[in-house]
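This report refers to the structure that appears directly beneath it.
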Amino acid sequence: MARVVILFGPPGAGKGTQASRLSAALGLPHVSTGDLFREHGAKGTPLGQAAQKFMDAGQLVPDAVVLDMLFDRTSKADCKAGYLLDGFPRTVPQAEARAARLAKTDHVSVLNLQVPDAVLLERITGRRSCKACSNVHHLRTAPPKTAGRCDKCGGELVQRSDDTTKVFGDRLAVYRQQTQPLEGWYARAGTLVDVDGNRAPEVVFEELRSKAFPEPSKGRA
Ligand code: AMP
């Protein structure tokens, strides 16, 4: 039986921050498609270069590219007992393709982080990410001890090219159009749990942890 936890929500909802902590607490590897694309981008692979154009424009990378990369990652030995997805799925075809690969005994829970748009914008534009380890700081709410340096590894903190006000608007529009319809898809499967993400990170974390695993009778999508 594999346990699959999907962190769902708009850009800036706190998926990345919570996924790192939940991954440790639940003992499941953190699989972030955005991080995988950024790793490819940093290495300059063809996949990374192709993805960067979509990312810089706030658009989604085409499903076929995302799915190949994701299945390559989740077929690794560390994902055998389950994994925590962050930033995937973002379209109905992505969700269908992943659900088609589930075994009968697998359990899925989708934790839907809900945060008002104005808060999302403030979180995204203040975000600074470590170039070396992807750890995330926020200029106002989680400033680094040394300006411009990651608290975890000392790496350089930068603003992601898609964390600007302009690109955020495009990303949110794409989320509403292409990703949010998945709420209905997962609600029908009985796997969706809403969580108020507009609270202190520790409070959100405790609720996510307590709701991460579904009742045995619930859906499998
Ligand atoms: P994230 O780090 O999750 O905010 O993702 C950053 C960017 O990577 C997104 O705006 C998309 O361009 C791309 N991306 C990440 N995950 C996906 C996905 N599941 N489907 C399509 N594009 C994705």
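Numbering of ligands and ligand atoms starts at 1, following listing order. Count residues from 1 along the sequence.
Remark: side-chain polar atoms of His107 are not paired, donor with acceptor, to backbone N or O of Arg3 under 3.5 angstrom. With Lys80 contributing its side chain and Ala2 its backbone, the two residues share no donor-acceptor pair below 3.5 Å. Checked by atom type and distance alone, the side chain of Arg123 pairs as donor or acceptor with a backbone atom of Ala13 at under 3.5 Å.
Relative orientation of the Tyr175 and Phe8 rings is tilted, given thresholds of 30° and 60° on the angle between their planes.
Within 6.0 Å of CZ on Arg176 lie more than 12 heavy atoms contributed by other residues, nucleotides or ligands.
Residues with a heavy atom under 4.0 Å from ligand 1: Thr33, Gly34, Phe37, Arg38, Met55, Gln59, Leu60, Val61, Val66, Gly87, Phe88, Arg90, Gln94, Arg160, Asp162, Arg171.
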Which donor-acceptor pairs under 3.5 Å do side chains of residues 18-25 form with protein atoms, sequence neighbours excluded?
from, atom 1, to, atom 2, distance (Å)
Gln18, NE2, Pro201, O, 3.1
Ser20, OG, Gly16, O, 3.2
Ser23, OG, Leu28, O, 2.8

